[in-house]
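Only heavy atoms go into these numbers, but all of them, side chains included; no hydrogens, no water, no symmetry mates. One-based numbering along the sequence shown. This is a predicted model, so every value here is computed, not measured. Both counts, for ligands and for their atoms, begin at 1 and track the order of listing.
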Amino acid sequence: MIKKIAHIGIAVRNLEEAQSLYRNLLDLVPSHTEHVEDQKVDVSSFHVGETNIELTSGTSDESPITKFIAKRGEGMHHIAFEVDDIHAELLRLKSLGVTLIDEEPRTGADDCLVAFIHPKSTGGVLVELSQKR
Ligand code: ZN
């Protein structure tokens, strides 16, 4: 079951510059910043009400974020939905014929279990499922 929008991911070239931009824009300070080695990204989150804005920059040419920016430029990257049971959701979506990028969840930011759904199955939007541990 989907519980809420966990975060909106925004791809940025320079995390420090984006942080100061969003500090001014939202009049908030980042709630946390971390490096996610699995996805080769640095992430900085701002709590906005019940959800979060997640600024994400690549730390290597192999990072999906670096590749995304090279192809499409900076901007909205994905929407993450918080689910109560990510394994059950992946099975449910698979049974509907939805194309998954991750058949098995992996560790994402904030030590959540995450899995991505291919934009070709979602009308062009990269969707992330996220479950708190
Ligand atoms: Zn995300």
Side-chain angles (χ1 to χ4, degrees):
M1 189 186 77
I2 288 173
K3 296 166 78 177
K4 65 173 190 179
I5 295 175
H7 60 264
I8 294 170
I10 297 174
V12 303
R13 267 193 195 91
N14 181 311
L15 195 61
E16 275 95 74
E17 282 177 19
Q19 271 177 330
S20 73
L21 179 73
Y22 274 80
R23 247 179 220 270
N24 291 336
L25 191 66
L26 303 172
D27 198 20
L28 293 169
V29 292
S31 56
H32 85 279
T33 299
E34 70 174 292
H35 175 68
V36 183
E37 183 51 35
D38 186 54
Q39 290 168 63
K40 304 219 174 343
V41 292
D42 285 330
V43 176
S44 182
S45 292
F46 292 78
H47 283 306
V48 181
E50 288 290 292
T51 191
N52 296 279
I53 297 292
E54 214 173 77
L55 305 177
T56 309
S57 64
T59 56
S60 122
D61 288 347
E62 300 310 305
S63 166
I65 294 295
T66 308
K67 289 178 185 168
F68 175 89
I69 290 174
K71 206 166 144 190
R72 297 173 63 172
E74 291 181 294
M76 251 203 65
H77 182 255
H78 65 276
I79 296 180
F81 294 106
E82 186 180 324
V83 297
D84 56 354
D85 183 342
I86 196 167
H87 292 95
E89 284 302 319
L90 289 172
L91 281 176
R92 187 181 71 80
L93 293 169
K94 212 175 163 183
S95 77
L96 294 174
V98 170
T99 304
L100 306 175
I101 293 172
D102 301 304
E103 303 252 329
E104 287 296 322
R106 52 200 167 99
T107 302
D110 215 10
D111 201 35
C112 288
L113 286 174
V114 304
F116 285 89
I117 301 169
H118 201 285
K120 77 179 181 193
S121 285
T122 61
V125 178
L126 179 61
V127 171
E128 174 187 345
L129 302 181
S130 167
Q131 182 190 339
K132 283 185 178 161
R133 286 205 254 225

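Classification of the Y22-F46 ring pair by plane angle, with boundaries at 30° and 60°, yields tilted.
When distances from the Zn ion (ligand 1) to the N, O or S atoms of E128 are compared, OE1 comes out shortest. The minimum distance between the Zn ion (ligand 1) and any N, O or S atom of H78 involves atom NE2.
The Zn ion (ligand 1) has no N, O or S atom of H77 under 2.8 Å away, backbone or side chain.
Enclosure of atom CG in N24 by more than 12 non-hydrogen atoms of other residues, nucleotides or ligands within 6.0 angstrom is indicated.
Residue L113 holds its CG atom at 13.0 Å from NZ of K132, rounded to the nearest 0.5 Å. One finds the CD atom of E89 at 8.5 Å from the CD1 atom of I117 (value rounded to the nearest 0.5 Å).
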